[in-house]
Every structure is written in structure tokens, then in C-alpha cells.
Amino acid sequence: MEPRRDERLRQLFQNLEIGIGGVSSSLGVSQRQLRYWEQKGYIKPIDEKSGVRHYSLATVYLIAFIKDQLDKGYTLDAAVKNSKEARARSRIARELIGSAFDDIEIIDADKGYGKIELDLKESENHPALRILGIIDENGRHFEVKEK
DNA sequence: ATTCTGACA
DNA sequence: TGTCAGAA
């Protein structure tokens, strides 16, 4: 079966590898630092035994995150710890938000205004509710209505 | 030309 | 962490 576009992109990103030189110059992290972080077990190159370090896109993101944290004054240990918490948070947020949203209605594409409805089923504890998340001229807010 | 490891005026 | 050497 012919893969869909997003699936192809996913595979492309999955297979992208970037050398230590590119990562270093692009992100402003020295090769010395990258090797040290690896030694500490914080990052891992793709090909363990080839002798030359190639990083996955996911690892590059992690490196960029740690770099940001360091720039903000965190220690390396704290930066790594924060990265794990950030990953856990976004994983939960994505799963929750991704499944809960029924539809996104665009109010004003140029201004970024829109409306989103959460799909809440009725239960013993509460009636069926419509919860609307809205971004408009009043900022971000929610509206709750009974069905 | 790049990257690797190991060492430290 | 930087930097330099000597090898791959």
C-alpha cells in the first residue's frame, strides 16, 4: 500500500542522521560537550560501533533542549532532568489533547482565532457537557454548556 | 577534511 | 569544558 505523505515524512525524519560537526556548529554545542554528555549517558549516537557519531533527529532535539537549559543557567544534570519531565508532560498533553478534540473551527485564520470542542461523554457523575476552548479577541478561555 | 581518544602549561 | 596532539 502506498504510504501517506505524513507517514513518509515520519519515516524520513526517523532515518535522518546528523553528524557531530553539524550538530555542534548548528546548535552551538561543542563536540567536546557532546562526547562528554554521551559519556555521562545523556545522549546516544545512532551507530554505536561505527566509530563515527551520527545523531537521530530526536537526539538533536534533546541536545537543543539541553543547550537551551544550560543557557538559562541550569546545570547539566538539571537540564537533563528537565528534559525528561518536559518529555513526559508533552507526551501526556498530546495524548489527551489529541484524542479529546472533536473539531477545530477556524474563526479568523489571519488572527489565529479559533474554537475547539471537547468530546465529553455523559457519565454517572455528570451530565453530558459541551466544553469549548476558544481563542479570540478576548484571549484564551473556555465555555461550558450542558447538552 | 573530519572525527576519535586521551591528556592537561 | 577548552584545547592540543597524534592516529584513523
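Naming: A, B, ... by sequence-line order, numbering from 1 per chain. Note: hydrogens, waters and symmetry copies are ignored here, and every other heavy atom, side chains too, is used.
Regarding contacts with the backbone of C/dG2, a side-chain N or O of A/Ser30 is found under 4.0 angstrom from either OP1 or OP2. Considering only side-chain N and O atoms, A/Arg53 lies nowhere under 4.0 angstrom from the phosphate OP1 or OP2 of B/dT3.
The distance from atom OH of A/Tyr55 to atom P of B/dT3 is 10 Å, rounded to the nearest whole Å. Distance, A/Gln31 CD to C/dT3 P: 12 Å, rounded to whole Å. The OH-C1' distance, from A/Tyr36 to C/dT3, rounds to 17 Å in whole Å. When rounded to the nearest whole Å, the span between CZ of A/Arg32 and P of B/dG6 equals 11 Å. Rounded to whole angstrom, the span from the NZ atom of A/Lys67 across to the C1' atom of C/dT1 amounts to 13 Å.
A/Asp47 and A/Tyr55 are not linked by any side-chain donor-acceptor pair at a separation below 3.5 angstrom, with hydrogens and angles left out of the test. Looking only at atom types and distance, the side chain of A/Arg35 has a donor-acceptor partner in the side chain of A/Gln31 under 3.5 Å away.
For A/Arg35, whose side chain is taken as the heavy atoms from C-beta onward, the closest listed nucleotide among B/dT5, C/dG2, C/dT1 is B/dT5.
When the shell of 6.0 Å around CD of A/Glu95 is examined, it contains 12 or fewer heavy atoms from other residues, nucleotides or ligands.
Remark: B/dA9 base-pairs with no nucleotide in the shown strands. Criterion, Watson-Crick or G-U wobble with two distances under 3.5 Å.
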Mind running side chain to side chain contact (heavy atoms under 4.5 Å, CB included) on A/Leu76 and A/Tyr36 for me, showing each step along the way? CA-CA 11 Å; A/Leu76 179 57; A/Tyr36 177 67; 3.9 Å; yes
